[in-house]
There are 2 protein chains.
Amino acid sequence: MSTAPPPSSTADQLPLRERKKLRTRQTLIDTALERFTTDGFDGTTLDRLCAAVEVSKRTFFRYFSSKEDVAMAPTQDLWTAFLDDLEIREPDHQTLLAMLQDTLLAALERMPDEGWAHRVLLSHRLTATTPSMDAHGLQFCDRTSRQAMTLLGRRFELADPQGLSSRLALDLLVAAFHRALERWAAEPGTPPARDDLAVHVRDAFAAIPGSLTLRVEPRSERR
Amino acid sequence: MSTAPPPSSTADQLPLRERKKLRTRQTLIDTALERFTTDGFDGTTLDRLCAAVEVSKRTFFRYFSSKEDVAMAPTQDLWTAFLDDLEIREPDHQTLLAMLQDTLLAALERMPDEGWAHRVLLSHRLTATTPSMDAHGLQFCDRTSRQAMTLLGRRFELADPQGLSSRLALDLLVAAFHRALERWAAEPGTPPARDDLAVHVRDAFAAIPGSLTLRVEPRSERR
DNA sequence: CCACATAGTGCCACTGAGTGGCATTAGCTT
DNA sequence: AAGCTAATGCCACTCAGTGGCACTATGTGG
């Protein structure tokens, strides 16, 4: 599934083998994002990508489950951190939705700032251009929220017999994150900062209540 | 894009050519759903599917954009009807979200009952089993809600400067529909009825407000 | 009734993603 | 240093999807 744990910040004293693996993985990710961005996703064949990294195609598929997968690694790392955090978190009398927001923001803070934001930005732009990447990204989020749902059910008392409301809360979390990412990526500022993304996440969550009460009027221009 | 209009109920006096095309399309859909269900998605090669329908592979791709696409046709028809309906609908002083719900239910009512529900059920089961179908399905919904968003912006005054809340309302619509589909498909009742699905849609929408206010408690079992 | 234009189709060859199997290498162990 | 095992490379294979061109059938004008 290629969901290798994100390179833990202070893990430089791993066995040589593991360090090498992490390095190969990271090189594949970086090179892939680079090539995909310059030559396009379809314009980059796996053969050439592998040749550039000097790795056999067979090996590529031992690290990533698909061509799309390699480009989604940065986002995957975030959600993996999210799930880890959710596993530990204590419910401090807040709303479920607020707790989810806090967990996401906490996970975000744990991402390595240098490089990560840039990778996510490239990755997101690719998903906006490449249908198959978009599809895989959405499916990954769906899978993650499913996992989160079982995790919630296991750890907490939800007072929600059918589980419908809590499941929708997770859907809202994913939706808010997507909107935040969208706005963040559209910002003119050249160096994309991780903390700016956090701001957009807060904005998106703040807009949720409005989405239930918003009313619509026909356009004022009558003809 | 293979988004052919759903076979309009009273369209039997089309030119011969068109009738033939519609028939081929429908045969492909039905046979595909059948084969995918019995032999599995991956277990069914396009070559064999095409052989069964007596159509060349080249022709298959003139009707559908991918192997996944053919199996998602039933759901696509629903969302196409949804967009059509949204184009006409007058905002009668309700909430945006309520309007979206009504539009979806109206579109649902316009689906041909015989066969359609069954096809959707098969299709949904396949998405639950086959990752690539799941991915394509999610992407289709995403694309549809994007279209709906531009449509809303064109037709209505949204009183939502950033458009964030209205976009989230669309996300909620999609989420609610997915949950409804999920529950509906899980129901024991053998003959899946279109109207049952409508009931689940109403349930899911009813659960939305709760998803904002739901609180979480730690599991009562202390050790 | 007979061309004629043209949409739709079949056929064939080709690219590229992804997989299975087995030999080989490189890191770890004692 | 010898041996064990995980990781890798290599090769051949399947199958989704595309491009190109020839062919057929439908609808149209003489």
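Heavy atoms only: backbone and side chains are in, while hydrogens, waters and symmetry mates are out.
Side-chain atoms of A:W184 never come within 3.5 Å of backbone atoms of A:R194 as a donor-acceptor pair (strictly under, hydrogens ignored). The closest donor-acceptor contact from the side chain of A:T38 to the backbone of A:R35 lies under 3.5 Å. When atom types are taken as modelled, the side chain of A:H124 and the backbone of A:V120 share no donor-acceptor pair closer than 3.5 angstrom.
Separating the CG atom of B:L49 from the P atom of D:dG17 is a distance of 12 Å, rounded to the nearest angstrom. Summarising the geometry, the separation between NZ on A:K20 and C1' on D:dT5 is reported as 16 Å, rounded to the nearest angstrom. We find that CZ of B:R48 is positioned 8 Å from P of D:dC15, with the value rounded to whole Å. Rounded to whole Å, the distance from CZ on A:F64 to P on D:dT8 is 12 Å. Rounded to whole Å, atom P of D:dC10 lies 11 Å from atom CD of A:E54. Rounded to whole Å, the distance from CG on B:D39 to P on D:dC15 is 13 Å.
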Pairs: protein N or O with nucleotides 19-23 of chain D N or O, under 3.5 Å:
from   : atom 1 : to    : atom 2 : distance (Å)
D:dG19 : N7     : B:R58 : NE     : 3.1
D:dG19 : N7     : B:R58 : NH2    : 3.2
D:dG19 : O6     : B:R58 : NE     : 3.2
D:dG20 : O6     : B:R58 : NE     : 3.3

Taking only N/O atoms, report every protein-nucleotides 15-18 of chain C pair under 3.5 Å with atom names and distance.
from   : atom 1 : to    : atom 2 : distance (Å)
C:dA17 : OP1    : A:L46 : N      : 3.4
C:dA17 : OP1    : A:K67 : NZ     : 3.0
C:dA17 : OP2    : A:L46 : N      : 3.3
C:dG18 : OP2    : A:K67 : N      : 2.9
C:dG18 : N7     : A:K57 : NZ     : 3.0
C:dG18 : O6     : A:K57 : NZ     : 3.2

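When the ring pair (Phe, Tyr, Trp, His ring centres under 6.0 Å) test is applied to B:F82, the partners found at least two apart in sequence or on another chain are B:W79.
Using a 4.0 Å cut-off between a side-chain N of Lys or Arg and a carboxylate O of Asp or Glu, B:R25 and B:D77 qualify as a salt bridge.
Residues A:L33 and A:R119 form a side-chain contact, since some pair of their non-hydrogen atoms from C-beta on lies under 4.5 Å apart.
Each of A:L83, A:T80, A:T75 was checked for a side-chain contact (heavy atoms from CB on, under 4.5 Å) with A:T144, and the lone residue meeting it is A:L83. The side chain to side chain donor-acceptor pair (under 3.5 Å) test with B:H200 is passed by exactly one of B:E182, B:R179, B:E187: B:E187.
Side-chain nitrogen and oxygen atoms of B:Y63 include none within less than 4.0 Å of the OP1 or OP2 phosphate oxygen of C:dG8. Under 4.0 angstrom from either OP1 or OP2 of C:dG10 there lies at least one side-chain N or O belonging to B:S56.
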Original post:
When you look at A:T103 and A:R89, which way does the side chain to side chain donor-acceptor pair (under 3.5 Å) test go after all the steps?
Top reply: CA-CA 8 Å; A:T103 311; A:R89 190 156 286 260; 3.2 Å; yes
